[in-house]
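To keep things clear, I will list the structure first and then write my remarks on it.
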Amino acid sequence: MTARDILVTNALPYANGPIHLGHLLGYIQADVWVRFQRMQGHTVHYVCADDAHGTSIMLSAEKAGISAEQLIAGVQQEHHRDFCDFLVDFDIYYSTHSPENRELSSYIYQRCQQAGRIATRTISQLFDPERELFLADRFIKGQCPKCKAPDQYGDNCEVCASTYAATDLINPRSTISGATPILKDSIHYFFKLPEFTAMLKEWTRSGTLAPAVSNKLSEWLDGGLQEWDISRDAPYFGFEIPDAPGKYFYVWLDAPIGYMASFKKLCAEKGLDFGAYWDNGATTELWHFIGKDIINFHALFWPAMLDTAGFRKPTAISVNGFLMVNGQKMSKSRGTFITAATYKEHLHPECLRYYFAAKLSSNPDDLDLNLEDFALRVNADLVGKVVNIASRCAGFINNNFNNRLSVHINDTALITEFQQAAAEIAELYDSREFGKAMRIIMALADKANGWIAEKQPWVLSKSNPHDPVVQDICSTGLNLFRVLMIYLKPVLPGICAQVENFLKIPPLQWRDVTTVLTSQIIDTFTPLLMRVDPSKIAAMVDASKDNLTLTTTDGAVNSPMTSTPLAAEIEFAEFAKVDMRIALITNAEHVEGADKLLRITLDLGLDQHGQPITRNVFSGIKSAYKPEQLIGQYTVVVANLKARKMKFGWSEGMILAAGDGNEIYLLTAHAGAKPGTRVT
RNA sequence: GGCAAUGUAGCUCAGUUGGUUAGAGCACAGCAUUCAUAAUGCUGGUGUCGGUGGUUCAAAUCCACCCAUUGCUACCA
């Protein structure tokens with residue numbers, strides 16, 4: 001086997017919030033791969049950093065009354081602590097706000113400019129006259145130009161799903177100051193990405209991307225690439241563009257360059273050769289581990305920039321999907337938006353590493369953390385199967401044989417079978433098919449337990465506690481266990497270190513599977529891992545709900561009343577114009593062709609002739625409710641609202657629900673309310 | 001609106017160059033065992049393989065349409 005020389009990067013977390021379990025999925029995946037490669041004897045440099053630039057960070061720092069530098073220094077420390085807690089073993093955890101990154105970003109930009117790959121042109125953008133800064137779409141809210149829904153962001157409407165320019169919003173306002181934005185011209189710098197189409201088409205099909213990722217990229221490539229706006233106007237927290245006063249690099253320009261900068265810093269510390277990993281024609285490997293949300297930045301802009309600046313392109317980009325919790329998006333109100341720190345307070349980090357590994361593949365599929373399944377799986381596999389092997393064998397050796405393993409083992413065929421699995425498991429680790437690797441390892445653990453049950457050392461021990469056959473059986477069991485721990489070491493490095501202490505052996509390497517431990521004096525066995533207690537999961541979820549209350553890392557209060565400030569005061573008479581009635585939902589169904597709407601049939605009681613009054617309304621609550629959940633519920637309808645023609649028919653009223661666009665909660669009436677009763 | 005991925009036992013997932021009665025682990029039931037962190041072993045049932053239609057001697061596997069979930073739709077970090 002030839003020794004590989006690999007530089008691995010992990011996506012840079014944004015320095016404006018805590019690390020959560022969704023982040024950890026990608027870091028744990030990369031870390032397992034890195035640890036595996038190192039166990040194989042390959043050279044791996046593993047770098048990461050905080051992504052520290054951008055408007056959001058600038059604003060957060062202002063709110064907190066500190067400098068951006070202070071803010072990112074604090075966050076960097078927290079992030080690094082979280083990664084250490086979860087045994088993510090970076091060689092360096094740096095920041096994009098570094099001298100190395102400033103230098104490299106400027107250099108790469110200048111090379112692009114010299115190559116004629118930079119264009120400038122004037123664009124018109126909304127500008128906050130009070131704060132004197134240009135506003136990205138998400139900092140602008142207003143009324144949707146199509147459906148008139150209030151409080152919509154500057155790019156698309158969450159109610160009717162239409163897309164538009166921020167300039168089309170009715171009554172736009174800056175979410176930063178509340179001021180009405182004005183249109184203002186500014187020169188922007190663009191990277192001429194379309195000129196790289198042919199190169200990128202070839203590169204993305206060169207074989208090192210998952211097919212699903214290549215397909216995704218060809219969507220963009222076939223649809224025609226656009227020039228990429230790489231400048232932002234002051235004030236902006238970032239690096240000023242050379243020879244362009246008041247213009248700053250857009251954060252996504254210098255973020256991937258942060259990989260290089262981080263590695264450059266490591267080179268200075270360790271005396272490594274930077275060029276051997278970045279120069280055009282380098283024979284080392286360069287691997288990026290990222291989430292599927294940032295594919296375009298890494299597989300389009302990044303190779304194009306590297307190419308232009310005379311650097312090598314990545315060997316491979318490994319893409320992971322998003323983390324779901326209990327089958328749904330992570331949600332603060334459900335308590336499933338769980339930070340690394342909160343998890344660590346309640347549960348063992350290596351349990352999460354195992355659960356992720358058990359479900360990871362090389363595909364960018366989303367991964368579901370089902371909390372009930374998590375406890376069952378970890379307890380069954382790790383405690384019940386693997387650790388149990390050591391636990392049930394060690395007692396005999398400790399108590400009856402002076403801690404000494406037998407001079408030989410008594411089932412070479414079984415040991416050989418365990419050892420021979422090494423090649424297949426290694427192949428699966430290398431190709432990032434961790435789930436399949438875990439399945440094979442657990443099947444071996446089952447086999448070990450079955451074998452011990454068959455040998456029944458406890459029966460022999462009863463008639464003669466010092467029977468050497470008992471020593472042989474248990475020594476063999478511990479050797480089987482040792483092989484399994486070698487296989488699990490990339491996933492469970494901490495537990496494996498405890499095992500190394502227990503067996504009094506040096507750190508296990510992959511090649512150690514070929515040997516057997518005999519005549520060894522071992523330590524007294526102590527429990528390696530406790531079962532996951534479901535009540536601790538519940539406590540963790542509860543604690544995550546509390547997070548919602550609301551101070552984020554920047555100290556800013558985040559509540560519904562602050563994100564959507566109170567509307568102007570009204571007179572009672574104005575309120576009284578709104579006629580709200582209790583309505584019984586008699587039917588609810590999907591609307592063919594509608595993304596967000598449900599068609600709802602309401603019963604409003606009887607009219608003066610004793611005929612039932614029914615109303616048909618459309619409501620954008622499909623994301624939150626299934627039709628069958630709604631039927632039979634009593635709710636509140638604005639009954640005198642003018643009927644509105646919609647694409648799918650007339651909507652005769654509006655049912656009331658609370659929501660911020662992400663989550664929706666229908667208002668319901670307590671039992672006893674009758675359809676048609678007025679709500680006041 | 002366009003596009004992509006996903007949809008297989010209660011749960012989490014395997015399974016496609018189309019081919020005999022569709023698999024694993026967990027959960028569940030019975031038996032055994034009690035060395036082990038109530039851990040382990042043996043045995044057992046479980047599925048209209050999201051839906052409809054089509055191609056075929058034969059489809060979970062290919063095609064079309066539909067439904068659901070998640071996401072993307074680049075000047076958004």
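Source: prediction; values computed, not measured.
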Stem regions touching RNA chain B, defined by at least 3 consecutive Watson-Crick or wobble G-U pairs below 3.5 angstrom: B:1-7 with B:67-73, B:10-13 with B:23-26, B:28-32 with B:40-44, B:50-54 with B:62-66

Indicate, with a heavy-atom threshold strictly under 4.0 Å, whether A/L529 touches base, sugar-phosphate, or nothing. base

Residue pair A/S60 / A/N16, side-chain donor-acceptor N/O under 3.5 Å: yes

Mind checking if A/P527 touches a base, just sugar-phosphate, or nothing, with heavy atoms under 4.0 Å? base

A/N370 has a side chain; which of B/C11, B/G41, B/C75 sits nearest to it? B/C11

Quick check, are the ring centers of A/F196 and A/F191 under 6.0 angstrom apart? yes

Per nearest nucleotide of RNA chain B, the residue lying toward the 5' end, A/K292 or A/K359, is A/K359

A/V459 or A/V387, whichever maps to the more 5' nucleotide of RNA chain B: A/V459

Describe the nucleic acid contact of A/L225 in one word from base, sugar-phosphate, nothing, applying a heavy-atom distance below 4.0 Å. base

OP1 or OP2 of B/G71 under 4.0 Å from side-chain N/O of A/K329: yes

Does the Lys NZ or Arg CZ of A/R232 fall within the cation-pi geometry relative to A/Y250 - under 6.0 Å from the ring centre and within 45° of the axis? yes

For A/S431 and A/E427, indicate whether the former's side chain and the latter's backbone hold a donor-acceptor pair under 3.5 Å. yes

Under 4.0 Å, counting only non-hydrogen atoms across every strand here, what does A/G395 touch: a base, just sugar-phosphate, or nothing? nothing

Out of A/D472, A/N479, A/T476, which one pairs with A/S406 under the side chain to side chain donor-acceptor pair (under 3.5 Å) rule? A/D472

Measure from the side chain of A/M324, starting at C-beta and using heavy atoms only, and say which of B/A74, B/A77, B/U70 lies closest. B/U70

Is there a side-chain polar atom (N or O) of A/Y250 under 4.0 Å from OP1 or OP2 of B/C75? no

Of the options B/A36, B/A74, B/C26, whose atoms approach the side-chain atoms of A/K385 most closely? B/C26

Does the side chain of A/Y354 come under 3.5 Å of the side chain of A/D381 through a donor N or O and an acceptor N or O? yes

Please determine, for the side chain of A/A380, which listed nucleotide (B/U12, B/C26, B/A14) has the closest atom? B/C26

Given B/C13, B/C35, B/A74, which nucleotide is nearest the side-chain atoms of A/R392? B/C35

Going 5' to 3' along nucleotides 2-7 of chain B, which nucleotides have protein heavy atoms under 4.0 Å from the base (write B), which only from the sugar-phosphate (write S), and which from neither (write -)? -SSS--

Would you say A/Q76 and A/S95 are linked by a side-chain donor-acceptor pair, where the criterion is simply a distance under 3.5 Å? no

Will you find, in the side chains of A/D50 and A/H79, an N or O donor that is under 3.5 Å from an N or O acceptor? yes

Does B/A39 have OP1 or OP2 sitting under 4.0 Å from an N or O in the side chain of A/R531? yes

From the set B/C11, B/C26, B/C76, return the single nucleotide nearest to any side-chain atom of A/N296. B/C76

What nucleotide among B/C11, B/U37, B/G71 has an atom nearest to a side-chain atom of A/V383? B/U37

Which listed nucleotide (B/U70, B/G25, B/C76) is nearest to the side chain of A/D373? B/G25

Got a second to check how far A/F239's CZ is from A/H53's NE2, nearest 0.5 Å? 4.0 Å

Choosing from B/C35, B/G71, B/G41, which nucleotide comes nearest the side chain of A/K462? B/C35

Between A/F190 and A/R121, is there a cation-pi geometry (under 6.0 Å to ring centre, at most 45° from the normal)? yes

